[in-house]
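To keep things clear, I will list the structure first and then write my remarks on it.
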Protein chains: 2
Amino acid sequence: MSRLKHPKQFPAADHDHKTCITHALQEAEAYCKQQGLRLTELRRRVLELIWANHQPVGAYDLLEQLTREGRKAAPPTIYRSLDFLMQSGLIHRITSLNAYVGCNHPGLDHAAQFFICEYCGQAAEMDDAQIVSAIAKDAKRLGFTVEKRTIEVAGICAHCRHHSET
Amino acid sequence: MSRLKHPKQFPAADHDHKTCITHALQEAEAYCKQQGLRLTELRRRVLELIWANHQPVGAYDLLEQLTREGRKAAPPTIYRSLDFLMQSGLIHRITSLNAYVGCNHPGLDHAAQFFICEYCGQAAEMDDAQIVSAIAKDAKRLGFTVEKRTIEVAGICAHCRHHSET
DNA sequence: CGGATATTGTTATAATATAACGTAACATTA
DNA sequence: TAATGTTACGTTATATTATAACAATATCCG
Ligand SMILES: [Zn+2]
Ligand SMILES: [Zn+2]
Ligand SMILES: [Zn+2]
Ligand SMILES: [Zn+2]
């Protein structure tokens with residue numbers, strides 16, 4: 001039950017995203033190897049496409065990209081890969097967008113909260129213990145056993161807000 | 001910016017639900033009248049069907065019920081009513097279920113959080129200031145302007161857990 | 001190798017939601 | 001009340017997201 005001390009910031013507009021991608025794939029490789037999970041060519045490629053940026057991406061978008069690459073792909077192709085990646089903790093599903101985004105710290109037990117910019121589409125993953133404990137408190141009072149939390153905040157990120165101001 | 005002091009409890013198994021329904025519809029009538037919103041026959045009926053119980057209900061379920069009542073109804077019929085009811089603050093959409101549930105306190109400015117039992121399907125609406133302020137704190141640190149929060153907790157309610165224990 | 005298991009291919013279909021356009025009901029005011 | 005504008009509803013078609021079912025292939029292990 002480890003927990004991050006410093007939740008991720010919103011991805012800066014000018015950050016070096018190539019390192020995000022290579023780092024994510026390296027972590028995924030290592031984690032799967034260690035856990036005996038089979039990160040096949042297809043699954044690896046889907047993960048790579050998801051990590052192409054910090055914007056959650058839809059299943060059919062991914063499907064179209066696979067098809068354009070010449071791969072034989074149908075909806076089950078992509079959904080099965082997404083299932084594997086989610087069960088392995090390598091990606092998250094953003095329920096409010098029906099879209100998928102890479103996990104910032106796979107392998108760690110964490111509740112994820114997402115802040116999603118409605119302008120640029122970027123999503124920041126957080127792991128705020130205060131939110132989690134506030135929910136736990138309510139659950140305790142209700143006698144409710146928590147299985148899964150869906151916490152997604154839509155709005156405007158700092159960068160987009162500054163640019164939209166006259 | 002009023003806020004409830006005593007968040008609702010999980011609906012008890014044996015509560016008198018008829019009063020929930022009549023109360024909800026009376027409130028809706030009064031609120032719409034006061035706000036100049038047109039709670040038409042169709043919209044009223046859809047709201048009533050949603051309040052039939054405390055389980056979020058899907059759009060196509062509602063559609064089927066309308067059809068069985070002899071009303072001419074197609075998907076747009078129900079989705080337009082749902083849009084009206086949501087915009088008027090009379091119902092909430094449960095994103096993780098693609099389903100709709102009556103609001104417990106329409107007319108009041110409130111962030112809603114839902115605790116949803118995976119066994120009985122019942123949903124409890126809460127308005128926990130601690131959750132809201134924890135999110136606000138994160139948002140402030142990120143420079144993020146919050147527009148909409150989606151907070152849905154799935155799990156097992158006290159009643160169902162007691163019944164599932166050997 | 002050979003049989004078991006896991007992954008992928010393939011076709012069809014389910015479930016949720018919206019676009020587009022016409023008609024009817026209602027409201028406003030001349 | 002008739003003309004007019006507005007809102008709501010009817011209707012058909014289609015978009016979007018996701019899964020069922022079964023066949024073919026690849027991978028693992030004794
Ligand atoms: Zn990046
Ligand atoms: Zn994560
Ligand atoms: Zn009730
Ligand atoms: Zn509410």
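We use all heavy atoms of the structure for the numbers below, so side chains are in, but hydrogens, waters and symmetry mates are not.
With contacts defined as side-chain heavy-atom distances shorter than 4.5 Å, the pair A/Y60/A/P75 qualifies. A/R80 places none of its side-chain heavy atoms less than 4.5 Å from the side chain of A/R43. By the 4.5 Å heavy-atom criterion applied to side chains, A/I156 and B/F144 are not counted as neighbours. Residues B/I131 and B/I151 form a side-chain contact, since some pair of their non-hydrogen atoms from C-beta on lies under 4.5 Å apart. Side chains of B/Y119 and B/R161 form no contact here, defined as non-hydrogen atoms less than 4.5 Å apart.
In this structure, the nucleotide among C/dT16, C/dT8, C/dG9 sitting nearest to the side chain of B/N98 is C/dT16. Distance from the side chain of A/R38 is smallest to C/dT7 among C/dT7, C/dT16, C/dT11.
Taking atom CG on A/L66 and atom P on C/dT8, their separation rounds to 11 Å, with Å as the unit. Distance CG (A/L97) to P (C/dA17): 14 Å, rounded to an integer number of Å. Distance A/L63 CG to C/dG9 P: 11 Å, rounded to the nearest Å. Between the NZ atom of A/K72 and the P atom of C/dG9 there is a distance of 9 Å, given to the nearest Å. Summarising the geometry, the separation between CZ on A/R43 and C1' on C/dT7 is reported as 6 Å, rounded to the nearest angstrom. Whole-Å rounding puts the A/E41 CD to C/dG9 C1' distance at 17 Å. Whole-Å rounding puts the B/E64 CD to C/dA15 P distance at 11 Å. The nearest whole Å value for the distance from the CG atom in B/L37 to the C1' atom in C/dC26 is 16 Å.
Between B/D83 and A/R80, the residue anchored closer to the 5' end of DNA chain C is A/R80, taking for each the nucleotide with the nearest heavy atom. Where B/S81 and A/P76 meet DNA chain D, the nucleotide closest to each residue was compared, and B/S81 sits on the side nearer the 5' end.
Put simply, B/Y100 has a side-chain N or O that comes within less than 4.0 Å of OP1 or OP2 on C/dA17. Contact annotation: A/T77 does not reach the phosphate of C/dT10 (side-chain N/O to OP1 or OP2, under 4.0 Å).
Taking only distance into account, the side chain of B/Y60 meets the base of C/dA17 through a donor-acceptor pair shorter than 3.5 Å. For A/R71 against C/dG9, no side-chain N or O and base N or O form a donor-acceptor pair under 3.5 Å.
Protein chain A contacts DNA chain D from D/dT17 to D/dT27, reading 5' to 3' and using non-hydrogen atoms of the protein with a distance under 4.0 Å.
A/E152 places a side-chain N or O within donor-acceptor distance of the main-chain N or O of A/S96, the cut-off being under 3.5 Å.
Taking the six-membered ring where the residue is Trp, A/H54 and A/W51 present perpendicular rings, their angle passing 60° and hence far from 30°.
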